[in-house]
A.B. asks: 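Have a look at this one before I ask anything.
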Amino acid sequence: MRSDVLIIGAGGAGLVAAINAHSQGAKVRVITKEYPTRSQTCMAQGGINAALGNASEDSVEAHIQNTLKSAHGIANEEAVRLLCQRAPEAVEWLDSIGVCFSRTKDAKIAQRTLGGASAPRACYAKDYTGLKILHTLYDRCNALGIEILSERYLLNLVTQKSISSDVYIGGATFLNIRSGEVETYEAASVIVATGGYSRVYDSHSTNSTSSTGDGLATAIRAGARLSDMEFIQFHPTALKNSSILISESARGAGGYLLNSKGERFTNELAPRDEVARAINEEIQKGEDVFLDIRHLGEEFIDRELPQERKLAKLYENVDPVYELVPIKPVAHYTMGGIEVDENSSTKIKGLFAVGECANHKIHGANRLGGNSLLELVVFGGQVGINAAKYAKTFDKVIDASEQTQRDKNFVAEVKESTNQIDFYEKRTLIGNIFYNNVGISRDEMGLKEALDAIYKIQKELPFMGVKDRSKTYNTNLVEFIEFVNMLELCENVLVCAISRCESRGAHYRSDIPKQNDIAYKAHTITYREDGVLCVNFVE
Amino acid sequence: MKIKIARYMSKTKETALEYEVDLSDVTLLEVLNEIKTKQDATLSYSSGCRSSICGSCSMRVNDREVLACAYKVQDGDFIEPMKNSAVIRDLVVDMDRAYEFNAKAKAWQNSIKKGLNLSEENQTINELQSDCILCGSCYSVCPVYAVNDEFLGPFALTRVWRYVSDKRENEPQSKIDTIQTNGVWDCTLCNECTLVCPQGISSKADIEKLRMRSMASGHSDPSFATSFQGASFDGSPSF
Ligand SMILES: Cc1cc2nc3c(=O)[nH]c(=O)nc-3n(C[C@H](O)[C@H](O)[C@H](O)COP(=O)(O)OP(=O)(O)OC[C@H]3O[C@@H](n4cnc5c(N)ncnc54)[C@H](O)[C@@H]3O)c2cc1C
Ligand code: SF4
Ligand code: SF4
Ligand code: FES
C-alpha cells in the first residue's frame, strides 16, 4: 500500500498539495476523515487576498505591510513577502482551473475590503469563496485521477530511525471509520494538512466539528515541534446562540457594530483582535452587541451576502434586512501549528505540514482575513513539489508493524475501558474553561487554573472511553480519540500562554497589557522530551 | 418532544428507536447531538459545519431529504438515512459510489485556461450550479436509480453543466459526448431533485439545457431513435 507522497487531509491545503505533487510525477494518495468536499475550507466566505488592484489602487508592498503589522512583530518577513508576491499568481491559477470568482463590470475579479487591509484586496465568490475553491480543487483532483480515500481517521505517524539515528517518516496509521479496522499506509513522504484546533473551545468556535487538531497532536507525539500555540484568533462576529460565523465582509461592506443603547463603539474595520476586544469589553459591561447591516439594503444583501442572511434567519430567527443581528466573538482561527521551515518541512525528515495545522510564520500573533485561503494555495503548491522531490530520493526501509500493533492495542483498550467518566461532559467543560480563561482576555491566575483543570482531566483519562463498542462506523470512538488529541493541545496552548508574559495580537494578558519586544519578540516552541512537555522561545 | 430514528447496522434495518428530548425551536442536528452526548452514544450520523455548507448531514425526515443542520425539528418526526446509497450504519450512507459519478461524468474543466477575461455575465451564467454542496439529496430522491444504477445522476450532471456553460472550457463537445450514455436521456424530468436541493439548484433544468446542447451538437434522444417509426414525432424537440 505504499505511495510516494501521502497527504493527510483533503481541505484546500491538502488538495493543492496533491495537485502539485502529482505534477511532479509522484504517486499521490490523499486520506481524509470526512469526504474531501466536507472539509472546513468550504466554510470560508470572505475571500482570498491578492493585491490585484481591481477595485482601487493596491500594491504587493501594501499587502506585505498590512500582514506584518497585524502579525505584531513575530512574522517571518521573508515568508510574508513570498506569500504576498505569489498571491496574484495564486488567484490567477484558481481562476484558470474554473473557480467562479465574482467579477466587476469590466471583466476583472471583484475585490472587497476585509479588516486590517489598506485596500479592497479580497477576491471572492459571493460569500461562497471557500466552497467554490474547495469544490473546484476536488474536480481538478478527479480530472488528474488522484486517489482520495475518505472516512479514515489518522491515528499516528510512522517514524523510523536510520543508522545515523536521524528520524524519518514512513507513513501513517488510520482507523478505517467504516470497517473499524486499523490500516497502515506507507509512504516516502507525508504531508500533514489536517486543519486547525479551534474546537478545543467546543461550542464557542465558528469551526467545523472536525477541527480538533489531530494532525498537530499526532506530530508532537511523533517528535515534531509545535509553535505559537497560544495565538488563537477570535472572530468578532459569530451568531450569539450558535457561534456560526457572520463574515467580515458584512463589516467590510459598511456594517456597524452597536451596543444595546444603539451606539457604535469601535472602528469596525480594525484588525480582528482589536474589534473582538472592544466587543468583549462591551459584553463585560453588561451590554448586548449587534451587527447592523440594515442600511445596506435588501438588494445588496441578497447579492453579496446571501449566506449571511440565510444563517441569521435560520439560527437566530432574525432577518438582517430589517433587524439587528445579535453577535459575540468566538474562537475562529489558530495561528499556532506544526513548526515548519521555509521548505514546509518539519524536524522529522520527509514530514511536511501545510495549511492551518502548520506554522509558516506568516500570521504571527494575528492573522488577517483572507490570508489563510491564500496560504493554502501558495504553500500548498510549494509543499506538494517539495514532498514529491524528497520522495524521489527516498531509499530507506519502512517497517510500520510496531506502530500498527501499538495502535491496534490502543483501539482495543479504549473499547474495554470502564467508562466511569463521560468524556463528552469534559469536552464541554474544557470548552467553557477555555472560553472564560483562555479567551480574548487572559491573566496568569486564570491560565494556571485552566492548566490545573487540564492536568486533572488528563489523569482521569484512563477512566473515560467509549460507550459504543461496535466496530462499524463508531463515531463515539472517533470523538474520543479527537478528545484525547485536544487535551494534548490544550496543555500546549496553556504552557505557551503562561510563558508569554506580555500582550501581543490575539494573546492579550490583562495582567500584563504591554507588548514586550525585549523578552518576547520570538516564537514559542513546544515539544515532548521523555514525555515531558517543554517550551522555548526562539527568534 | 419525541422523534423516531431508524437504526441500521449495515444494510439491515434493526429497528426504529424513539427518543425524547427537552429542546424546542432547534435544528435536527442539535437534537441528534443532544441524543449522542447525553442519551445514546451509539447513534451514528455525520456532520461538520453546522451551517448548511459542507453537505455532511443530509438525511430524510418524514420521507423528505433535508440537511439536519437546517431543519427545525417537529414533534413526531421520523428520521431515516438517504436512499440509493448503501447504509453503513444508522443515518450514515456510503457516498463513495455516488461521488464517483462526478469522475464518470468527467465533471471538471478539461484543461487549464490562461489569460482570462471573463465578463460578469460569463461568470453569473453558472454561479448557481457552482453553489452545489454535494449533499447528495438530489441523488437520494432520484427515481431513476430504481431501474438504472449506472445513471450519472442529478448532481454530476449539474456539475457537467457548470463546466460546459463556462467560457473557460475549451472542449465542451467532449463533455457533451461523455454524458450521452446513462446520462441526460435517462432522466425522467420528474423534478424531484429540484424540490429537495437546499441550494435552490435545479438539476432537472440543467439536464434539459444539456439535452438542448446535445441535440445542437448532433446527438439525439436514443429513445426517439428507436421508437421513431409510426410515432407522431415531427422532428421538433418535445420540450
Ligand atoms: C467559518 C469560517 C470562515 C472562514 N473564512 C475565511 C476567509 O474568508 N478567508 C480566509 O482566508 N480564511 C477563512 N477561514 C479560514 C480558512 O477557511 C481555514 O484556515 C482553511 O480553510 C484551512 O484549510 P486546511 O486545508 O488547512 O484545513 P481544513 O479545510 O480544515 O481541512 C482539514 C482536512 O483534514 C482532514 N482531517 C482532520 N483530521 C484528520 C484525521 N485525524 N485523519 C484524517 N483526516 C483528517 C479533514 O477531514 C479535512 O479534510 C474561515 C474559517 C471558518 C471556520
Ligand atoms: S428530474 Fe431527472 S435527475 Fe432529477 S430526480 Fe427526476 S429523474 Fe432524477
Ligand atoms: S445539486 Fe443540490 S441537492 Fe444535489 S448535491 Fe448539490 S446541493 Fe445537494
Ligand atoms: S453540518 Fe454541514 S451541511 Fe449540515
Side-chain angles (χ1 to χ4, degrees), chain A residues 34-35 37-40 42-43 92-93 95-110 125-126 128 130-132 135-136 138-140 142-143 145 150-151 178 208-210 242 244-245 307 310-311 314-315 317 422 424-425 427-428 466-468 470 472-476 479, chain B residues 9-10 25 27 30 36-38 40-56 69-70 72 88-90 92 94-96 99 102-103 106-110 112-124 126-127 129-134 159 162-163 166 168-169:
Chain A
E34 307 164 279
Y35 287 86
T37 52
R38 296 180 180 178
S39 305
Q40 185 189 262
C42 72
M43 296 170 76
E92 194 188 323
W93 178 70
D95 199 26
S96 77
I97 62 171
V99 173
C100 299
F101 284 115
S102 295
R103 299 272 160 176
T104 62
K105 294 261 173 293
D106 53 350
K108 290 181 178 149
I109 292 175
K126 280 200 296 194
Y128 285 132
L131 177 84
K132 299 200 186 205
H135 280 241
T136 309
Y138 163 73
D139 293 344
R140 195 81 233 129
N142 271 341
S150 301
E151 303 203 307
R178 296 173 190 165
S208 156
T209 44
S210 70
S242 56
I244 286 167
L245 179 78
Q307 196 183 168
K310 180 166 117 184
L311 295 174
L314 187 60
Y315 299 103
N317 280 326
D422 181 39
Y424 289 122
E425 262 173 43
R427 194 175 74 179
T428 312
V466 293
K467 288 185 181 142
D468 184 355
S470 45
T472 310
Y473 217 91
N474 189 336
T475 49
N476 190 213
E479 284 164 359
Chain B
M9 196 41 120
S10 170
D25 191 34
T27 62
E30 288 170 88
K36 173 97 184 162
T37 56
K38 307 230 169 86
D40 182 353
T42 67
L43 179 66
S44 303
Y45 53 94
S46 305
S47 69
C49 68
R50 27 193 250 298
S51 54
S52 323
I53 190 80
C54 75
S56 309
C69 66
K72 292 273 174 80
I88 298 177
R89 182 174 171 185
D90 299 343
V92 182
D94 186 342
M95 292 296 288
D96 275 354
Y99 282 12
N102 287 319
K106 299 204 162 73
W108 52 68
Q109 185 180 303
N110 271 8
I112 291 174
K113 177 108 176 175
K114 285 274 156 73
L116 277 166
N117 228 354
L118 278 195
S119 68
E120 199 178 13
E121 203 189 346
N122 293 156
Q123 173 256 324
T124 40
N126 62 1
E127 194 171 47
Q129 284 80 8
S130 65
D131 285 350
C132 170
I133 61 174
L134 273 187
R159 251 177 197 313
R162 171 196 159 175
Y163 286 109
D166 198 312
R168 284 168 282 203
E169 178 54 59

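All figures in this text were calculated on a predicted structure; none of them were measured in a lab. Letters A, B, ... are given to chains in the order of the sequence lines, protein chains preceding strands, and every chain is numbered from 1.
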A.B. asks: In terms of heavy-atom pairs under 4.5 Å with chain B, which of Ser242(A), Ser102(A), Ser150(A) leads?
C.D. replies: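 The answer is Ser102(A).
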A.B. asks: Are Ser46(B) and Glu34(A) close enough that some pair of their side-chain heavy atoms sits under 4.5 Å apart?
C.D. replies: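 SC-SC contact between Ser46(B) and Glu34(A) ruled out.
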A.B. asks: I need the residue from Ala125(A), Ser210(A), Ser470(A) with the largest number of non-hydrogen atom pairs under 4.5 Å to chain B.
C.D. replies: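 Highest number of heavy-atom pairs under 4.5 Å: Ser470(A).
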A.B. asks: Kindly compute the distance separating NZ (Lys72(B)) from OH (Tyr315(A)), expressed to the nearest 0.5 Å.
C.D. replies: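 That separation rounds to 8.5 Å.
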A.B. asks: Classify the side-chain pair Lys105(A)/Ser119(B) by whether it contains a donor and acceptor separated by less than 3.5 Å.
C.D. replies: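 No, because no side-chain N or O of Lys105(A) sits under 3.5 Å from a partner of the opposite role on Ser119(B).
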A.B. asks: Less than 4.5 Å apart, side chain to side chain, heavy atoms only: is that true for Asp106(A) and Glu120(B)?
C.D. replies: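 Asp106(A) vs Glu120(B): side chains apart.
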A.B. asks: Can you tell me which portion of Asp94(B) sits under 4.5 Å from chain A's heavy atoms? Options are side chain, backbone, both or neither.
C.D. replies: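 Both the backbone and the side chain of Asp94(B) come within 4.5 Å of chain A.
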A.B. asks: Tell me, out of Asn126(B), Asn122(B), Leu118(B), who's got the most heavy-atom pairs with chain A below 4.5 Å.
C.D. replies: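 Looking at each option in turn, the highest pair count goes to Leu118(B).
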A.B. asks: Is Asp25(B) close to Asn317(A) at the side-chain level, that is, under 4.5 Å between some pair of heavy atoms?
C.D. replies: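 A side-chain contact exists here, since the closest heavy-atom pair is under 4.5 Å.
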A.B. asks: Would you mind checking which part of Glu425(A) comes under 4.5 Å of any heavy atom in chain B, side chain (CB onward), backbone (N, CA, C, O), both or neither?
C.D. replies: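 Interface part for Glu425(A): neither.
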A.B. asks: Could you state the interatomic distance from CG (Leu314(A)) to SG (Cys69(B)), rounded to the nearest 0.5 Å?
C.D. replies: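 Rounded to the nearest 0.5 Å, the CG-SG separation comes to 7.5 Å.
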A.B. asks: So, taking the atom named CD in Gln123(B) and the one named CZ in Arg103(A), what distance separates them when rounded to the nearest 0.5 Å?
C.D. replies: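 Taking CD in Gln123(B) and CZ in Arg103(A), the distance rounds to 7.0 Å.
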A.B. asks: To the nearest 0.5 Å, tell me how far Cys42(A) SG sits from Leu134(B) CG.
C.D. replies: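 Result: 10.5 Å between the selected atoms.
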A.B. asks: Between Asp422(A) and Lys38(B), does a side chain to side chain contact (heavy atoms under 4.5 Å, CB included) hold up when you go through it step by step?
C.D. replies: CA-CA 9 Å; Asp422(A) 181 39; Lys38(B) 307 230 169 86; over 6 Å; no
A.B. asks: Treating Tyr35(A) as the side-chain partner and Met95(B) as the backbone partner, does any N or O pair qualify as donor plus acceptor under 3.5 Å?
C.D. replies: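 At least one qualifying donor-acceptor pair exists.
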A.B. asks: With sequence neighbours excluded, what pairs up with Thr37(B) under the side chain to side chain contact (heavy atoms under 4.5 Å, CB included) test?
C.D. replies: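 Scan of Thr37(B) (side chain to side chain contact (heavy atoms under 4.5 Å, CB included), adjacent residues dropped) gives Tyr424(A), Arg427(A).
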A.B. asks: Specify the closest pair of heavy atoms between Arg89(B) and Asp468(A), including all atoms of both residues, with the distance to one decimal.
C.D. replies: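 Closest approach of Arg89(B) to Asp468(A), heavy atoms only: NH2-OD2, 2.9 Å.
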A.B. asks: Relative to chain B, which segment of Tyr138(A) carries a heavy atom at a distance below 4.5 Å: side chain, backbone, both, or neither?
C.D. replies: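 Interface part for Tyr138(A): side chain.
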A.B. asks: Check whether Val99(A) gets within reach of chain B through its side chain, its backbone, both or neither, counting any heavy atom under 4.5 Å.
C.D. replies: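 Contact with chain B involves the backbone of Val99(A) alone.
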A.B. asks: Are the side chains of Cys100(A) and Arg162(B) in touch, meaning some heavy atoms are under 4.5 Å apart?
C.D. replies: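 Sidechains of Arg162(B) and Cys100(A): in contact.
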A.B. asks: Between Ile133(B) and Thr37(A), is any pair of side-chain heavy atoms under 4.5 Å apart?
C.D. replies: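 Not in contact.
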A.B. asks: For side chain to side chain contact (heavy atoms under 4.5 Å, CB included), just list the numbers for Ile53(B) and Leu131(A), CA-CA rounded to whole Å, side-chain angles, deciding distance to a tenth of an Å, and then say yes or no.
C.D. replies: CA-CA 8 Å; Ile53(B) 190 80; Leu131(A) 177 84; 4.2 Å; yes
A.B. asks: Do Ser47(B) and Arg38(A) have side-chain N/O donor and acceptor atoms under 3.5 Å apart?
C.D. replies: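 Arg38(A) and Ser47(B) do not have a side-chain donor-acceptor pair below 3.5 Å.
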A.B. asks: Check the side chains of Tyr163(B) and Asp139(A) for a donor-acceptor pair under 3.5 angstrom, ignoring hydrogens and angles.
C.D. replies: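 There is such a pair (donor and acceptor under 3.5 Å, judged by atom type) between the side chains of Asp139(A) and Tyr163(B).
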A.B. asks: How far apart are the closest heavy atoms of Thr472(A) and Met9(B), and which atoms are they?
C.D. replies: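 Nearest pair, atom of Thr472(A) first, then Met9(B): CB-SD, 4.1 Å.
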A.B. asks: For a 4.5 angstrom cut-off between non-hydrogen side-chain atoms, does Asp95(A) reach Arg168(B)?
C.D. replies: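 They are in side-chain contact.
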A.B. asks: About how many Å separate SG of Cys132(B) and NE2 of His135(A), when rounded to the nearest 0.5 Å?
C.D. replies: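 These two atoms lie 6.5 Å from each other.
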A.B. asks: Using side-chain heavy atoms (C-beta onward) and a distance below 4.5 Å, is Asp96(B) in contact with Arg178(A)?
C.D. replies: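 Sidechains of Arg178(A) and Asp96(B): in contact.
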A.B. asks: What part of Ser52(B) gets within 4.5 angstrom of chain A, counting heavy atoms only: side chain, backbone, both, or neither?
C.D. replies: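 Contact with chain A is through both the backbone and side chain of Ser52(B).
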A.B. asks: Using a cut-off of under 4.5 Å for heavy-atom pairs, which of Glu479(A), Lys126(A), Lys108(A) has the most such pairs with chain B?
C.D. replies: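 Answer, by heavy-atom pair count under 4.5 Å with chain B: Lys126(A).
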A.B. asks: Looking only at heavy atoms, what is the nearest atom pair of Gln109(B) and Gly98(A), with distance?
C.D. replies: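 Looking at all heavy atoms of both residues, the shortest contact is OE1-CA, 3.2 Å.
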A.B. asks: Are more than 12 heavy atoms, taken from residues, nucleotides or ligands other than Lys36(B), located less than 6.0 Å from that residue's NZ atom?
C.D. replies: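 Above 12, so yes.
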A.B. asks: For the interface with chain A, which of Asp131(B), Val92(B), Asp166(B), Asn102(B) has the highest count of heavy-atom pairs at distances below 4.5 Å?
C.D. replies: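 Looking at each of Asp131(B), Val92(B), Asp166(B), Asn102(B) in turn, Asp131(B) comes out on top.
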A.B. asks: Tell me, with the steps shown, if Lys467(A) and Thr42(B) meet side chain to side chain contact (heavy atoms under 4.5 Å, CB included).
C.D. replies: CA-CA 7 Å; Lys467(A) 288 185 181 142; Thr42(B) 67; 5.8 Å; no
A.B. asks: Do Glu127(B) and Lys132(A) have side-chain heavy atoms sitting under 4.5 Å apart?
C.D. replies: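 Answer yes - side chains close enough.
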A.B. asks: So Glu92(A) and Lys114(B), side chain to side chain contact (heavy atoms under 4.5 Å, CB included) or not? Walk me through it.
C.D. replies: CA-CA 8 Å; Glu92(A) 194 188 323; Lys114(B) 285 274 156 73; 4.2 Å; yes
A.B. asks: If you take all heavy atoms of Ser96(A) and Ile112(B), which pair is closest and at what distance?
C.D. replies: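 Of all heavy-atom pairs spanning Ser96(A) and Ile112(B), the closest is OG-CG2, 3.2 Å.
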A.B. asks: Sort Ala70(B) into side chain, backbone, both or neither according to what part of it lies under 4.5 angstrom from a heavy atom of chain A.
C.D. replies: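 It is both, since atoms from each part get that close.
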A.B. asks: Only pairs of heavy atoms separated by less than 4.5 Å count here; which of Cys54(B), Gly55(B), Ala107(B) has the most with chain A?
C.D. replies: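 Among Cys54(B), Gly55(B), Ala107(B), the one with the most close pairs to chain A is Cys54(B).
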A.B. asks: If you tally heavy-atom pairs under 4.5 Å against chain B, which of Thr136(A), Leu245(A), Val466(A) wins?
C.D. replies: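 Heavy-atom pairs under 4.5 Å are most numerous for Thr136(A).
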A.B. asks: To the nearest 0.5 Å, tell me how far Asn474(A) CG sits from Ser44(B) OG.
C.D. replies: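 Atom-to-atom, Asn474(A):CG and Ser44(B):OG are 7.0 Å apart.
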